[in-house]
Structure formats: structure tokens, C-alpha cells
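Excluded from the calculations below are hydrogen atoms, water molecules and symmetry mates; all remaining heavy atoms, backbone and side chain alike, are included. All chains are named by letter (A, B, ...) in the order of the sequence lines, taking the proteins before the strands, and each is independently numbered beginning at 1.
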Amino acid sequence: EAGVTQSPTHLIKTRGQQATLRCSPISGHTSVYWYQQALGLGLQFLLWYDEGEERNRGNFPPRFSGRQFPNYSSELNVNALELEDSALYLCASSLGTSGDQETQYFGPGTRLLVL
Amino acid sequence: AQSVTQLGSHVSVSEGALVLLRCNYSSSVPPYLFWYVQYPNQGLQLLLKYTTGATLVKGINGFEAEFKKSETSFHLTKPSAHMSDAAEYFCAVGPGSSGDKLTFGTGTRLAVRP
């Protein structure tokens with residue numbers, strides 16, 4: 001069974017640009033979570049999508065946004081990039097209301113570098 | 001609100017020695033608790049989890065953890081460290097069976113000396 005996949009693995013942008021990160025959940029999983037792992041700040045929750053709806057949002061500015069597609073894959077968009085957005089962005093998936101919702105399985109991450 | 005405290009950002013043990021990584025949590029609801037491991041330049045891998053039932057939980061790679069409600073702890077142990085255990089370990093708490101975000105501790109980096 002394939003795990004959570006993320007693309008691209010690395011992304012280099014300059015300040016003010018936009019970044020788009022993609023995530024495909026494990027087959028059968030309907031919930032997708034996004035976390036930011038920045039140096040010195042640990043793992044911070046960004047967004048939770050389930051069945052195409054945004055269910056919860058962490059303490060991040062509105063320039064962090066995303067969506068979930070009908071096939072349950074997800075996209076994270078970061079607008080007006082700032083230097084401090086440089087981080088590893090991790091996507092996780094879990095079963096939705098049909099099963100074990102509490103266990104999240106993580107992808108390998110996208111490393112974003114903002115210059 | 002939920003929070004996790006991991007005591008010791010760095011732990012160093014000799015190969016073959018006991019591994020003990022400490023995790024204390026705070027939760028206003030019965031917690032679901034997790035340990036994840038992160039190898040360099042990789043994502044998080046689930047080691048084990050506690051939801052309900054048996055308080056001693058066994059995971060992959062010989063790790064286990066015990067949920068102690070009275071001490072609000074969920075420490076991770078392994079009887080004998082292996083060089084391949086060198087990684088960063090994260091304790092996390094979740095709100096329960098309905099899903100939603102995990103709250104992570106700051107992580108403990110484990111070094112294993114030959």
C-alpha cells in the first residue's frame with residue numbers, strides 16, 4: 001500500500017512569490033492535515049481538511065490557504081512568501097468518519113526555502 | 001487545550017543500553033497519545049499509539065510506552081539501543097476519536113554511541 005506522497009520534495013522561491021505544495025493521501029483516507037516544521041519552532045498545525053471541507057485551522061495568517069479535491073488529494077498555497085516561511089511542510093492523512101480517525105500517517109515532506 | 005512536554009532535547013546512550021525518552025502531557029479530555037520518529041531528511045513515522053484499553057503499548061522496532069494517567073506521562077522505552085535508533089523522536093497528543101490536529105512536543109534527539 002502506497003503511503004502519503006508529497007510534491008515537490010524541494011522548492012526554492014524568493015520573497016513575495018507564491019508556493020504551491022501538493023499531497024496525496026493514503027488510498028481510502030479522506031482527512032488531510034498540513035503541518036509546518038520550522039527550525040526552532042517545532043511542528044505546528046496548519047490546516048485540516050476532511051471530505052473536501054476545511055475543518056480546522058492553526059494560528060497562521062490568511063496567506064496560508066489550501067483546498068482538498070474530490071479525490072481527497074490536497075494543495076497548500078502560501079502567498080506573499082516571507083523568509084520565515086522557510087520550513088519543512090508535512091502532510092498527513094487519516095481515515096475519516098469511517099474508521100480510525102485519530103491516527104495520522106505522514107508523508108516525506110516538502111522543504112521550502114525562501115530567499 | 002492540549003500540550004506536550006518532552007524533557008531533554010538531546011539524549012545520548014551507548015549501544016545496548018536502555019533508551020528512556022520522557023513525555024508529559026496536558027489535556028482537558030481523555031488523551032490519545034502518539035510517538036513518532038523522524039530520521040534525517042524524512043517525514044514522521046508512527047512508532048506506537050495509546051487510545052484506550054491496555055496502558056502498556058508496544059510499537060515497532062522494539063519500542064514500548066506506558067500511559068500513566070496519575071502522572072500524566074507517556075514515556076518511551078527500549079531495552080537495548082541500536083545504532084539505527086539514532087533519530088529525533090516526537091511525542092504528540094490528540095483530542096480523541098473524532099480526528100483533528102495533533103499537538104507535538106519539541107522533540108528529543110537520540111544519539112547512540114558505539
Side-chain angles (χ1 to χ4, degrees), chain A residues 3-7 9-10 21 23-26 29-51 53-60 68 87-111 113, chain B residues 1-10 21 23-25 27 29-53 57-60 65 67 74 87-109:
Chain A
V4 177
T5 59
Q6 294 186 244
S7 63
T9 54
H10 292 81
L21 289 64
C23 172
S24 290
I26 292 171
H29 286 193
T30 61
S31 277
V32 170
Y33 302 80
W34 288 96
Y35 293 87
Q36 182 197 65
Q37 187 178 26
L39 205 61
L41 295 178
L43 281 148
Q44 305 291 324
F45 167 72
L46 267 166
L47 290 159
W48 172 30
Y49 293 97
D50 183 58
E51 298 283 356
E53 301 284 332
E54 183 181 299
R55 302 295 185 185
N56 197 6
R57 180 183 180 85
N59 188 25
F60 281 83
Q68 186 177 34
L88 180 67
Y89 289 84
L90 292 165
C91 173
S93 73
S94 72
L95 286 167
T97 53
S98 61
D100 172 12
Q101 300 177 70
E102 69 270 5
T103 305
Q104 297 179 22
Y105 298 89
F106 284 79
T110 292
R111 190 164 295 280
L113 178 61
Chain B
Q2 298 183 308
S3 66
V4 173
T5 301
Q6 290 184 244
L7 291 174
S9 58
H10 291 81
L21 304 182
C23 172
N24 289 88
Y25 69 91
S27 179
V29 297
Y32 282 21
L33 295 159
F34 305 84
W35 276 99
Y36 287 88
V37 61
Q38 186 176 36
Y39 297 100
N41 300 311
Q42 293 187 27
L44 302 180
Q45 181 182 8
L46 179 67
L47 276 177
L48 49 78
K49 66 178 182 180
Y50 168 79
T51 54
T52 58
V57 180
K58 295 187 184 298
I60 62 171
F67 170 63
F74 191 57
E88 189 151 23
Y89 292 78
F90 292 91
C91 181
V93 61
S97 60
S98 60
D100 210 344
K101 67 177 182 180
L102 295 178
T103 300
F104 286 87
T106 51
T108 297
R109 187 167 298 277

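Interface residue B:L46: only side-chain heavy atoms are found under 4.5 Å from chain A. Contact annotation for A:T103: both backbone and side-chain heavy atoms come within less than 4.5 Å of a heavy atom of chain B. Residue B:Q38 touches chain A through its side chain alone, counting heavy-atom pairs closer than 4.5 Å. When heavy atoms are compared at a cutoff of 4.5 Å, B:T103 does not approach chain A at all. Heavy atoms closer than 4.5 Å to chain B are found nowhere in A:L46, neither backbone nor side chain. Heavy atoms of A:Q44 lying under 4.5 Å from chain B are absent altogether.
Residues B:L102 and A:Y35 approach most closely at N-OH, 3.0 Å, considering heavy atoms.
When the shell of 6.0 Å around CG of A:L39 is examined, it contains 12 or fewer heavy atoms from other residues, nucleotides or ligands.
Contact annotation: the side chain of B:F104 never approaches that of A:Q37 to less than 4.5 Å [non-hydrogen atoms, C-beta and beyond].
Here B:Q42 contributes atom CD and A:L88 contributes atom CG; the two are 11.0 Å apart, rounded to the nearest 0.5 Å.
In this structure a side-chain-to-backbone donor-acceptor pair under 3.5 Å is present from A:Q104 to B:D100.
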